[in-house]
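Comments concern the structure below.
Within every chain, numbering begins at 1; the chains are lettered A, B, ... in the order of the sequence lines, protein sequences first and strands thereafter.
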Number of protein chains: 2
Amino acid sequence: MKALNIGRLSERAGVNIETIRYYEKIGLLPEPSRTAAGYRQYGEDHLRRLRFIRRGRDLGFSIEAIRALLRLAEHPEQPCARADELAVEHLAEVESKIADLTRLRDELQRLVHCVGHSVAECRIIDTLAAIK
Amino acid sequence: MKALNIGRLSERAGVNIETIRYYEKIGLLPEPSRTAAGYRQYGEDHLRRLRFIRRGRDLGFSIEAIRALLRLAEHPEQPCARADELAVEHLAEVESKIADLTRLRDELQRLVHCVGHSVAECRIIDTLAAIK
DNA sequence: ATGGAGGCTGTAGCCACTACAGGGTCAAGG
DNA sequence: CCTTGACCCTGTAGTGGCTACAGCCTCCAT
């Protein structure tokens, strides 16, 4: 079980090197030990934690939500109602974003494929200008 | 046709005062004339332009896309193919965002409503940890 | 004369990274 | 032993599109 340097960790977790250092700076990933030359040395626990973070981000959780979920994950004996709460909250946000974007898409679809030939009779410009 | 100060323009266009000054700084809204005391004085042309910008933002266009659309709107004799192109591009982005979020929503829906009682058996934490 | 609403500039903060600049370190090949 | 190139380090600044001050000045009604 040899230690991973940051490049190797980056590959194995699917997270950018710069992003790993950023997570360390904001206290999401604990500071690893260092070699004599100052290179970061990661273990399996770091890899697991970083993958947890990446999956959370893939699911669109904010950094702060992930921070809370990590705290929960560290206390397996506690009730998990809070995790459910965080997920439900996030789901609601995602659903509301979908609704917003769907309305947007409908408007854009009505707009697109302008039949005019010059800007003077362009439906898109017209809609934005809404001179009336 | 009296001049508008920034507060009045803000109300009439539905755009924040700070945002108006920001648009001026980035060159989206032209610098207005000033009173002796240095107060900004806007006219109808500013109001029209700012509303155009706001509608574009409401439709989710980026500042740069709006900059391009404004340039088009200023040249009504030119062909409007470029406006259509910008709208089609943007529509595609919106559609792809909807698709992403829909996948996300499905995943979250599967996740949510954790049946366990403690974190140790929590489906949410489990999925993120994905220890397998 | 005064008080409160509104205006001004300039800077810093938000989120979650990303992209350098300018250096140091390591391992393999010549 | 030396060089080359891949990798690592720190620190800072930039992204988009605002938003939020701090610390001033000005206008108008009472």
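Contact check on B:R110 versus B:D106 returns no salt bridge, with no Lys/Arg side-chain nitrogen under 4.0 Å from an Asp/Glu carboxylate oxygen. Using a 4.0 Å cut-off between a side-chain N of Lys or Arg and a carboxylate O of Asp or Glu, A:E24 and A:R21 do not qualify as a salt bridge.
B:L9 has its side chain out of reach of B:N5: every pair of non-hydrogen atoms, C-beta onward, lies at least 4.5 Å apart. Side chains of A:I53 and A:V15 form no contact here, defined as non-hydrogen atoms less than 4.5 Å apart. The side-chain heavy atoms of B:L59 and A:L128, taken from C-beta on, include a pair separated by under 4.5 Å.
For A:Y39 and C:dA27, the OH to C1' distance is 11 Å, given to the nearest whole Å. Here the P atom of nucleotide D:dG16 and the CG atom of B:L28 are 13 Å apart, to the nearest Å. Between the P atom of D:dG16 and the NZ atom of B:K97 lies a distance of 14 Å, rounded to the nearest Å. The interatomic distance linking B:N5 (CG) with C:dC8 (P) rounds to 8 Å, in whole Å. Computed from coordinates, the A:E11 CD to D:dA6 P distance equals 15 Å when rounded to whole Å. Spacing between atom OH of A:Y42 and atom C1' of D:dC7 amounts to 14 Å, rounded to whole angstrom units. Atom pair B:I6:CD1 and D:dT19:P shows a separation of 13 Å (rounding to whole Å applied). Atom C1' of nucleotide D:dC27 and atom CD of B:Q41 are separated by 13 Å, given to the nearest angstrom.
Of the candidates A:I17, A:T35, A:I6, A:R40 forms a side chain to side chain contact (heavy atoms under 4.5 Å, CB included) with just one, namely A:I6.
Under a 3.5 Å cut-off, the side chain of A:R49 and the backbone N or O of A:L28 do form a donor-acceptor pair. For B:R54 (side chain) and B:A13 (main-chain N/O), a donor-acceptor pair under 3.5 Å exists by modelled atom type. A distance-only check finds a donor-acceptor pair linking the side chain of A:R57 to the backbone of A:F61 [under 3.5 Å].
Position along DNA chain D of the nearest nucleotide to A:E24 versus B:A37 favours A:E24 as the more 5'-ward residue.
Within the nucleic acid shown, A:I17 comes within 4.0 Å of sugar-phosphate atoms alone, with no base atom in reach, counting heavy atoms only.
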>> So if I define the base as every atom that isn't primed, P, OP1 or OP2, how would nucleotides 16-23 of chain C read as a B/S/- string at a heavy-atom cutoff under 4.0 Å?
In response: BBBBB---
Are there any protein N/O atoms within less than 3.5 Å of an N/O atom in nucleotides 22-24 of chain D, and if so, which ones and at what distance?
none

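For the pair B:R40 and D:dT26, the criterion of a side-chain N or O lying under 4.0 Å from OP1 or OP2 is not met. Using a 4.0 Å cut-off, some side-chain N or O of B:R34 falls inside it from OP1 or OP2 of C:dT9.
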